[in-house]
Amino acid sequence: MQYSQKVLDHFMHPHNVGKMENPDAVATEGSPACGDQVTVYLKVDKDSHVIEDIKFLSYGCASNIATASIITDLAKGKNLEAAKQISWRDAMEALDGLPPVKVHCSVLAADTLQTAISNYEIANGLKEVPNFSKDTITEELKKIIYPKVGEDIVSLKMVKYVGFNNGEVLIDMNMMNFDQWRENVAEEIREHLEKYPEVKNIKINFP
Amino acid sequence: MTPGRIYLDNCITSMPAPEVLEAMRPYFEEKFWFPGTFISTGESTNETIEAFKASIAASIHAKGQELHFTSGGTLANNMAIKGLANAYAAQGKHLIVSVVDYPDLLTNAAYLEKSGFDVSYLSADSEGFINLAELKQAIRKDTILFMTTAVNHVVGTIQPLQEIKAILQAADHKIYYHVDAGQAFGKIPIDVNDLGVDTMAISAHKIHGPQGIGALYLRSGTKLTQLIHGVARIDNYQTGGLSIALIAGFAKAVELIWSDFTGNTSRLRAMSDYLLESLEKQIPHIELNGPRGIKRAPHNINVSIDFIEGEAITMMLDTMGITVATGSACASQGLKANYVLMALGKNHVQSHGSMKFTLSRYTTKEQIDETVAALTGIAAELRARSPLYASMIKEK
């Protein structure tokens with residue numbers, strides 16, 4: 001599957017790209033090792049909590065740049081409560097779809113926006129630092145896309161069990177041993193969970 | 001080819017030469033007959049095939065009867081590797097390959113491993129040369145086959161085939177020697193006798209011949225178990241239908257290169273040198289992958305462009321009418337970084353930012369200038385969007 005014209009437009013001429021001086025909040029997600037990294041900068045009005053300005057930087061492929069561009073378009077001018085509702089599915093839809101193996105790029109951009117918002121709220125006393133729990137793990141798993149079909153592994157019922165005990169994460173997966181994406185998905189799970197200092201060890205079981 | 005498009009992905013496939021299309025035409029339109037006996041149509045095809053075979057075989061210093069046509073390099077590799085492994089399994093079940101070899105070799109090795117063979121995987125150094133000390137150590141009493149890729153398909157490294165021959169021949173028993181020459185054929189001189197190889201795979205479409213035809217070189221006296229059974233039109237290794245037109249095109253492509261082999265390859269090398277020089281002069285933070293100079297095939301330049309990602313680069317070049325390849329995970333179907341670059345010790349960023357240019361006889365200096373100018377602009381634009389570049393600038 002090829003990229004839609006919308007993706008190409010946002011890739012070739014991205015909106016809101018560049019570094020922001022003195023942002024009110026900033027977040028970086030992804031890593032160079034995974035091949036994609038996005039930074040989102042926010043300027044937020046203190047009283048109305050409206051996102052007045054937003055910028056991004058992206059190291060990544062065409063869909064990575066395009067989804068970061070569209071996410072900033074979607075968030076600009078919204079207040080934080082409304083911006084918190086923006087998901088990777090909104091980005092996908094606004095771009096007229098993405099090839100299944102590229103859906104994870106839209107997750108990264110949406111994720112970075114949400115982290116930037118959360119960083120703003122924590123810094124401005126609008127919320128507490130959330131406690132790490134089993135729910136945090138499940139929320140992270142919802143961000144992992146099965147590249148073959150472009151849907152997340154939780155919706156696809158590929159996650160059978162999630163456990164968290166004394167820093168050890170235990171995940172039972174429902175993926176056949178001939179599935180070529182097993183290694184890829186396991187790697188993604190590790191990348192998403194290793195960033196939490198509470199996580200000391202991750203065990204992923206396949207049938 | 002699309003008029004005006006600059007095509008620099010010739011290691012995958014190359015444009016058929018106009019002379020090749022012309023040479024094939026009579027065999028599509030008129031002399032399309034299959035080989036046969038006693039009747040004039042069949043006999044004439046027998047003779048034509050023998051003549052074409054002899055001229056293609058001569059390019060690697062082989063005899064006509066040592067060449068067997070295939071659908072391409074992959075079939076030739078399969079026939080040789082599975083054929084040798086199974087034919088000599090009684091003498092041993094140990095094979096040697098390296099981690100940087102062409103997928104044909106590695107997938108066959110993996111298949112044979114599952115079927116009960118033992119495989120040793122040699123490492124490579126930072127320029128892609130396989131570790132010969134490891135080869136010496138890997139040889140066992142039951143080693144029956146060593147296989148290698150003469151010119152690396154990613155970074156153009158020319159393996160030391162003579163030194164490998166010496167090591168294999170120093171063993172106290174026969175170890176069969178298979179070479180995939182997909183990238184080497186037509187780019188570096190190959191003499192199968194001098195190199196002591198037993199089997200070799202070559203193909204036409206990488207040297208401006210037609211797609212759909214290659215050949216297996218099989219040294220006289222070397223046995224293979226037969227891979228594909230069926231009616232033997234020419235011999236038992238070459239069963240089923242065949243295309244005389246493709247054979248004619250293959251022979252023409254060979255003739256076009258070997259009529260001035262040194263001239264053709266020197267021109268390619270001069271063009272590649274010019275490309276590398278221009279890239280290094282105009283784009284900062286760029287690094288050559290693989291060896292520099294004569295130990296590299298004359299048509300391949302592979303560089304890593306720091307702080308940016310290869311799929312985005314190839315997409316932008318594509319919109320400007322320029323076709324190149326990248327080792328980025330994002331551009332691969334399996335979302336994995338290029339295994340050859342990783343085996344050379346490159347990091348993920350270097351692999352994701354790698355660009356492979358493979359030149360052909362039709363590449364011009366003007367095309368190279370246009371490509372480098374386009375890439376210079378793209379690199380600057382993507383770096384302006386890159387958080388990695390931003391933090392590098394900040395650290396400075």
Side-chain angles (χ1 to χ4, degrees), chain A residues 1-3 5 7-21 26-41 55-66 68-69 99-105 108 112 145-148 180-185 187-188, chain B residues 103 107 110 114 285 304-321 325-339 341-342 346-355 374 377-395:
Chain A
M1 182 180 160
Q2 293 208 323
Y3 287 129
Q5 191 55 46
V7 174
L8 291 177
D9 291 345
H10 277 270
F11 163 56
M12 293 302 285
H13 311 286
H15 306 171
N16 311 307
V17 69
K19 205 178 164 191
M20 186 189 283
E21 298 303 328
V26 58
T28 297
E29 294 278 355
S31 77
C34 327
D36 47 11
Q37 186 174 322
V38 173
T39 302
V40 168
Y41 305 88
K55 292 252 185 212
F56 79 93
L57 286 175
S58 156
Y59 162 75
C61 61
S63 65
N64 184 285
I65 292 170
S69 168
V101 295
K102 294 290 183 181
V103 174
H104 73 274
C105 301
L108 182 68
T112 316
I145 304 296
Y146 181 51
K148 197 165 154 185
Q180 60 151 328
W181 296 105
R182 258 168 60 150
E183 203 184 304
N184 188 285
V185 167
E187 205 176 299
E188 282 260 319
Chain B
T107 50
K114 274 189 184 167
H285 309 291
S304 287
I305 305 178
D306 264 357
F307 317 115
I308 54 179
E309 189 278 327
E311 192 247 27
I313 305 170
T314 49
M315 289 284 301
M316 281 196 172
L317 284 172
D318 186 38
T319 61
M320 298 164 93
T326 173
S328 171
C330 306
S332 73
Q333 280 307 310
L335 296 178
K336 287 204 176 91
N338 184 278
Y339 71 94
L341 293 173
M342 297 307 279
K346 305 286 169 184
N347 62 36
H348 281 88
V349 175
Q350 288 167 319
S351 174
H352 296 316
S354 73
M355 304 299 302
I378 291 169
E381 174 153 8
L382 289 176
R383 279 175 177 168
R385 301 179 190 176
S386 166
L388 306 186
Y389 191 66
S391 55
M392 191 276 293
I393 297 287
K394 203 174 149 194
E395 275 166 31

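Values below: all heavy atoms of this structure, side chains included; hydrogens, waters and symmetry mates excluded. Below, chains carry the letters A, B, ... as their sequence lines are ordered, and counting in each starts from 1.
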Chain A contact via B:Ala384 - side chain, backbone, both or neither, heavy atoms under 4.5 Å:
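Only the backbone of B:Ala384 comes within 4.5 Å of chain A.
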How close do A:Gly60 and B:Ala312 get, counting heavy atoms only, and between which atoms?
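In terms of heavy atoms, the two residues are closest at O-CB, 3.6 Å.
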A:Tyr59 versus B:Phe307, closest heavy-atom pair with distance:
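Here A:Tyr59 and B:Phe307 meet closest at CD1-O, 3.2 Å.
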Point-to-point distance, once rounded to the nearest 0.5 Å, from CG of A:Asn64 to CZ of B:Arg385
11.0 Å
Out of B:Thr319, B:Val349, B:Ile313, return the one with the most heavy atom pairs under 4.5 angstrom to chain A.
B:Val349
Which of B:Asn347, B:Thr314, B:Leu382, B:Ile308 touches chain A most, by non-hydrogen pairs under 4.5 Å:
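When all of B:Asn347, B:Thr314, B:Leu382, B:Ile308 are compared, B:Ile308 has the most.
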Would you call [X] and [Y] a side-chain contact if the rule is heavy atoms closer than 4.5 Å?
| X | Y | value |
| --- | --- | --- |
| A:Phe11 | B:Met316 | yes |
| B:Glu311 | A:Lys102 | yes |
| B:Leu388 | A:Leu57 | no |

Short question: side chain of A:Gln37, backbone of B:Pro387 - any donor-acceptor pair under 3.5 Å?
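Checked: no pair found.
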Examine distances only and state if a side-chain atom of B:Glu309 and a backbone atom of A:Cys61 form a donor-acceptor pair shorter than 3.5 Å.
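Confirmed, B:Glu309 side chain pairs with A:Cys61 backbone.
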At a heavy-atom separation under 4.5 Å, does A:Glu187 approach chain B through its side chain, its backbone, both, or neither?
neither
